[in-house]
Q: 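I have a structure here, written as structure tokens, and I will follow up with some questions on it.
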Number of protein chains: 2
Amino acid sequence: MTIADKPQSRPTLRDVANLAGVSVATASKALNGRDQVHPDTRARVVLAAEKISFTPNALAQGLIAGQTGTVGLITGDLDGRFSLPILMGAEDAFGKGKMSVFLCDARGDSIREQYHLDALLSRRVDGLIVVGSRTDPRPSLGRNLPVPVVYAYAPSTDENDLSLVPDDVQGGADSVDFLVARGRRKIAHITGQMDYTAAQDRARGIESTLSAHGLPLIGGTQYGSWTEQWGRNATARLIEQHPDVDGILCGNDQIARGALDTLREAGWEVPGRVSVMGYDNWEVFTTGARPHLTSVDINLEALGALAARRLFEAIDGDVRSGIESLPCRIVPRETT
Amino acid sequence: MTIADKPQSRPTLRDVANLAGVSVATASKALNGRDQVHPDTRARVVLAAEKISFTPNALAQGLIAGQTGTVGLITGDLDGRFSLPILMGAEDAFGKGKMSVFLCDARGDSIREQYHLDALLSRRVDGLIVVGSRTDPRPSLGRNLPVPVVYAYAPSTDENDLSLVPDDVQGGADSVDFLVARGRRKIAHITGQMDYTAAQDRARGIESTLSAHGLPLIGGTQYGSWTEQWGRNATARLIEQHPDVDGILCGNDQIARGALDTLREAGWEVPGRVSVMGYDNWEVFTTGARPHLTSVDINLEALGALAARRLFEAIDGDVRSGIESLPCRIVPRETT
DNA sequence: CTGTTAGCGCTTTCAT
DNA sequence: ATGAAAGCGCTAACAG
């Protein structure tokens with residue numbers, strides 16, 4: 001029988017103080033490493049705290065401090081391929097400190113988003129990260145929020161907000177350079193739906209870099225859907241109409257998988273006759289492919305980590321705004 | 001100039017009360033829908049609250065109530081295929097109420113898990129959900145926690161804990177029944193690593209159901225890895241050694257994709273000559289496949305939602321324990 | 001109906 | 001070095 005005094009409720013600092021035979025004030029100082037405490041006293045307090053497994057009530061601490069050590073993470077759709085790595089990166093960056101993260105999935109619904117926002121503000125989060133699943137701009141949460149906000153992946157439409165996005169234009173450009181450096185001259189581009197900013201940005205990077213090299217874009221930018229099916233179909237048509245094509249840039253890894261399937265069945269050797277590149281570097285697709293797929297990684301975890309860092313800075317008063325683009329990186333495998 | 005009194009800090013109930021010309025107590029009652037308040041007074045208070053965009057401080061409320069309306073979600077690895085849908089289901093189920101969720105990724109590290117646990121307890125969460133990425137039993141968080149815990153997907157080794165897992169034995173059994181009902185009699189099973197409880201459970205369900213039907217398991221349970229590569233290799237060997245096989249049960253959708261690839265290249269018609277089934281129903285794989293892959297769905301979101309419900313019940317005092325298995329469900333597509 | 005008083009658990013002056 | 005007292009923002013008895 002050690003504890004068992006207040007049946008339901010958890011031990012408080014007062015319990016510790018009583019047990020140690022000191023006042024709450026002293027107990028507080030002892031536990032928080034304040035200096036004016038006699039070593040012996042501190043030891044007694046610490047021991048008492050351990051004995052009753054005292055855990056300080058962060059709510060009470062937060063009430064006083066005016067800071068809670070929590071942040072809110074509002075995501076548009078959790079199931080998406082993109083929110084998650086960002087979230088992981090952020091969680092990781094926060095986790096190193098003493099921050100805890102509230103996760104809210106708005107399910108792409110702005111009503112629900114507002115609801116979550118209110119809840120988070122009520123819980124006095126120190127800051128917010130809003131992550132989207134497409135790079136298309138999204139409405140701002142508003143300018144007059146009492147805490148800083150960082151937008152990740154999906155930028156805010158408001159220039160006064162800080163948004164972090166992958167540099168898809170550069171990603172597209174780099175993939176062209178990469179193929180050109182390997183001697184490819186007849187490059188095609190098969191991508192997803194045209195209404196995705198991501199698709200447009202990459203296309204822009206590809207087209208401009210190709211013309212900078214004085215090279216044509218074989219067959220023009222072919223928009224379709226982000227699926228294997230489309231990758232197969234588009235590739236079938238491509239190699240029929242342009243038998244001289246020697247490089248295929250795909251809008252994502254699934255399209256690339258479709259392309260590889262069609263090429264294999266047509267007896268085209270990869271990378272012998274034609275090189276293929278994916279985008280997103282979704283490992284389960286790239287390494288399941290035959291041969292393993294070269295892809296462009298958009299460094300989502302880094303983006304999440306940076307979002308966390310920027311949020312910290314903003315909480316500390318260093319507020320930025322505008323759109324910050326993060327570099328992509330090519331992960332070479334066997335298809336190039 | 002309406003507010004602008006306390007520069008940095010957010011409006012408190014006292015600000016509202018002052019503005020409305022009432023006491024804090026009355027303001028509180030008015031805002032919380034307590035009855036003994038004159039309608040006019042209430043209106044004045046509500047108006048005042050809106051005018052200064054007052055948001056009640058949930059920390060203060062939680063301090064008094066002894067309940068915070070928050071729960072902790074500790075996951076083994078966020079990137080896994082399995083934690084996420086569970087998390088979504090739970091988030092959804094909680095979201096309908098007024099709960100907020102702390103997300104913690106322990107990265108499979110028990111030190112980090114303990115760290116997060118302490119942080120969550122300090123924040124006075126009302127309950128915890130622990131989600132794993134494999135169905136293999138995991139160590140308990142401990143019996144003497146001050147809040148209820150529900151384990152999802154990865155069950156606790158402690159029988160006194162409540163664990164929720166998919167019924168993989170039944171999932172395996174059902175897949176056999178499904179193929180048998182479609183006239184298949186020579187069924188094989190290619191699956192992942194043997195040290196996965198999931199692989200063993202499914203194998204058990206398959207083997208026992210097959211023998212209940214008086215049918216053989218062609219080639220025995222073939223353990224390997226959860227990859228397309230393995231699916232291709234194992235299938236190549238299978239159709240060479242057992243040209244009479246007419247059904248292939250795969251341990252996951254990736255293995256099934258590999259199987260389909262090999263079968264197509266060998267000229268075997270699916271589902272004409274042989275039926276193929278995946279497991280997990282990972283849509284990006286099942287609907288990218290040619291033909292679309294029939295698969296077993298383990299209803300992860302439902303599992304997450306149930307975890308949330310069970311946690312609520314436990315918070316309300318209705319504590320259960322033991323392992324609860326949730327049914328799987330076959331999603332028929334074109335490969336069967 | 002409304003206001004006063006007393007805390008929730010903790011930290012922080014300010015005396016002692 | 002220690003403790004008494006005030007107060008963070010809010011709610012819940014109690015009086016009036």
Side-chain angles (χ1 to χ4, degrees), chain A residues 5-6 8-46 48-49 52-70 98 121-126 146, chain B residues 5-46 48-49 52-70 121-126 146:
Chain A
D5 225 70
K6 303 195 169 181
Q8 333 274 44
S9 94
R10 322 250 289 262
T12 77
L13 190 55
R14 216 178 44 172
D15 299 328
V16 176
N18 287 157
L19 215 176
V22 299
S23 73
V24 254
T26 305
S28 172
K29 288 169 193 156
L31 256 18
N32 292 314
R34 295 272 161 287
D35 34 12
Q36 316 116 315
V37 196
H38 192 95
D40 294 356
T41 313
R42 189 190 304 278
R44 266 207 333 278
V45 172
V46 169
I52 61 176
S53 15
F54 167 75
T55 318
N57 187 326
L59 297 190
Q61 296 182 147
L63 230 199
I64 294 167
Q67 293 234 333
T68 55
T70 61
K98 48 188 89 288
L121 291 179
S122 189
R123 296 194 189 288
R124 296 298 188 264
V125 292
D126 295 333
Chain B
D5 226 69
K6 304 194 171 182
Q8 334 273 45
S9 94
R10 322 252 288 263
T12 77
L13 191 55
R14 216 175 47 167
D15 299 328
V16 176
N18 287 157
L19 214 175
V22 297
S23 72
V24 245
T26 305
S28 171
K29 288 170 195 156
L31 256 19
N32 292 314
R34 294 273 164 286
D35 34 12
Q36 317 116 315
V37 196
H38 191 95
D40 294 357
T41 314
R42 189 190 305 279
R44 259 199 349 270
V45 173
V46 169
I52 62 177
S53 15
F54 167 75
T55 318
N57 187 325
L59 297 191
Q61 297 182 145
L63 231 201
I64 294 167
Q67 295 234 335
T68 55
T70 61
L121 291 178
S122 189
R123 296 193 189 287
R124 295 299 188 265
V125 293
D126 295 333

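First the proteins, then the strands, lettered A, B, ... as listed; each starts at 1. Values reported hereafter were calculated over all heavy atoms of this structure, with side chains retained and with hydrogens, waters and symmetry mates removed. Here the structure is a predicted model, which means the values were calculated and not measured.
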Q: Whole Å only: how far is the CD atom of B:Gln61 from the C1' atom of C:dG7?
A: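 About 16 Å, once rounded to whole Å.
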Q: Taking the side chain as every heavy atom from C-beta outward, state whether B:Val37 and B:Val45 have any atom pair closer than 4.5 Å.
A: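 They are not in side-chain contact.
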Q: If you measure from CG on B:Asp35 to CG on B:Asn32, what distance do you get to the nearest 0.5 Å?
A: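 It is 12.0 Å, given to the nearest 0.5 Å.
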Q: Can you check the B:Ile64 CD1 to D:dG9 C1' distance for me, whole Å?
A: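 My rounded result for the distance is 7 Å.
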Q: For C:dG3, take OP1 and OP2 only and decide whether either is under 4.0 Å from a side-chain N or O of B:Ser23.
A: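 So the side-chain polar atoms of B:Ser23 do come within 4.0 Å of the phosphate oxygens OP1 or OP2 of C:dG3, strictly under.
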Q: Figure out the CG/P separation between B:Asn57 and D:dG7, and round it to whole Å.
A: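 Distance check: B:Asn57 CG to D:dG7 P gives 18 Å.
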Q: Measure CG/B:Leu13 against P/D:dC8 and give the value in whole Å, please.
A: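 Distance check: B:Leu13 CG to D:dC8 P gives 13 Å.
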Q: I need the minimum non-hydrogen distance between B:Ala58 and A:Arg123, along with the two atoms involved.
A: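 The answer is CB-CA, 3.9 Å.
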Q: Base, sugar-phosphate, or nothing for B:Gln36, non-hydrogen atoms under 4.0 angstrom?
A: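 It contacts base atoms.
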Q: Just compare C:dG9, C:dG3, D:dA1 and give me whichever is closest to any side-chain atom of A:Thr41.
A: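 Looking only at side-chain atoms, A:Thr41 lies closest to D:dA1.
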Q: Taking the minimum atom-to-atom distance to the side chain of A:His38, which one of C:dT11, D:dG9, D:dA1 wins?
A: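 In terms of side-chain proximity for A:His38, the closest of C:dT11, D:dG9, D:dA1 is D:dA1.
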Q: Among the nucleotides D:dT2, C:dC10, C:dT12, which one has an atom lying closest to any side-chain atom of A:Arg34?
A: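 Given the options D:dT2, C:dC10, C:dT12, the side chain of A:Arg34 is closest to C:dT12.
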Q: Walk me through it: do A:Thr70 and A:Arg124 pass the test side-chain contact (heavy atoms from CB on, under 4.5 Å)?
A: CA-CA 8 Å; A:Thr70 61; A:Arg124 296 298 188 264; over 6 Å; no
Q: Under a 4.0 Å heavy-atom cut-off, which of residues 25-32 of chain A touch DNA chain D?
A: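 Result for residues 25-32 of chain A: A:Ala25, A:Thr26, A:Lys29, sorted by number.
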Q: Using every non-hydrogen atom in the two residues, find where B:Arg42 and B:Ala30 come nearest and quote the distance to one decimal.
A: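 Shortest heavy-atom contact: NH1-O, 2.8 Å.
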Q: By the 4.0 Å heavy-atom rule, please label A:Arg42 as base, sugar-phosphate, or nothing.
A: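 Since no nucleic acid heavy atom lies under 4.0 Å of A:Arg42, the category is nothing.
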Q: Minimum heavy-atom separation for B:Gly62 and A:Leu59, please, with both atom names.
A: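 Where B:Gly62 meets A:Leu59 most closely, the heavy atoms are C-CD1, 3.8 Å.
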Q: Show the numbers, then the answer: is there a side-chain contact (heavy atoms from CB on, under 4.5 Å) between B:Asn57 and B:Thr12?
A: CA-CA 8 Å; B:Asn57 187 325; B:Thr12 77; over 6 Å; no
Q: Please give, in whole Å, the distance from D:dC8 C1' to B:Arg10 CZ?
A: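 Computing the B:Arg10:CZ to D:dC8:C1' distance gives 14 Å.
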